[in-house]
Amino acid sequence: MLYVFLFIVGIVAIGLYVTVILRFVPGAAEERLGVLEDLPADIGIWKVDESSPSAMAARTEGLIRQVRVWHEPARGLFGNECLIRQARYRNASTHEIVRVERDEKFVRKRVRG
């Protein structure tokens, strides 16, 4: 029973060590896991969506669908940065915002070079 306990403690210690090394040593994560893909060039800019099924449905209601990708920086000690896809609907004649969709979070992928 003592050996099982020591084995579990050792595995937890190795896991914490690897997590801390990958998080706080500059270049360690990029060297072992790959670099993050580039941010989109049009980040934070609202664009009119004309091709998605949601945009076509909004057009029948007299609305314009706009989308953008927003960069959310890492927060806290072990927080990860993420990208957020946002969508809003505007009235085609008055251009006032009618409704917004729920934010969709996604993580940048790592690319091995």
- line: Checking Glu104, Glu101, Glu72 against Arg85 for salt bridge (Lys or Arg N to Asp or Glu O under 4.0 Å), the one that qualifies is Glu104
- prompt: For Ser52 and Arg65, which heavy atoms make the closest approach, and how far apart are they?
  reply: OG-NH1, 3.5 Å
message: Restricting to side-chain contact (heavy atoms from CB on, under 4.5 Å), what partner residues turn up for Arg68, sequence neighbours left out?
response: Trp46, Trp70, Gln86
field: Gap between atom NZ of Lys109 and atom CD of Glu37 - 0.5 Å precision
entry: 6.0 Å
message: Could you tell me if the side chain of Leu63 sits less than 4.5 Å from the side chain of Arg99, heavy atoms only?
response: yes
query: Should Phe106 and Leu39 be regarded as members of a common hydrophobic cluster, given that ILVMFWY residues are connected when their side-chain heavy atoms come within less than 4.5 Å of each other, either directly or indirectly?
result: yes
Shortest non-hydrogen contact between Val69 and Pro40, atoms and distance: CG1-CG, 4.2 Å
Val12-Val20 co-clustered via ILVMFWY side chain contacts under 4.5 Å: no
Distance (rounded to the nearest 0.5 Å) between Leu22 CG and Glu31 CD: 10.0 Å
task: Could you list the residues that satisfy side-chain contact (heavy atoms from CB on, under 4.5 Å) with Leu36, not counting sequence neighbours?
output: Glu81, Arg108, Arg110
- prompt: Do Tyr17 and Val25 share a hydrophobic cluster, counting only Ile, Leu, Val, Met, Phe, Trp and Tyr and linking them when any side-chain heavy atoms are less than 4.5 Å apart?
  reply: yes
task: Check whether any side-chain heavy atom of Ile43 lies under 4.5 Å from a side-chain heavy atom of Leu83, and answer yes or no.
output: yes
field: Shortest non-hydrogen separation from Ile64 to Ala92 and the atoms involved
entry: CD1-CA, 3.9 Å
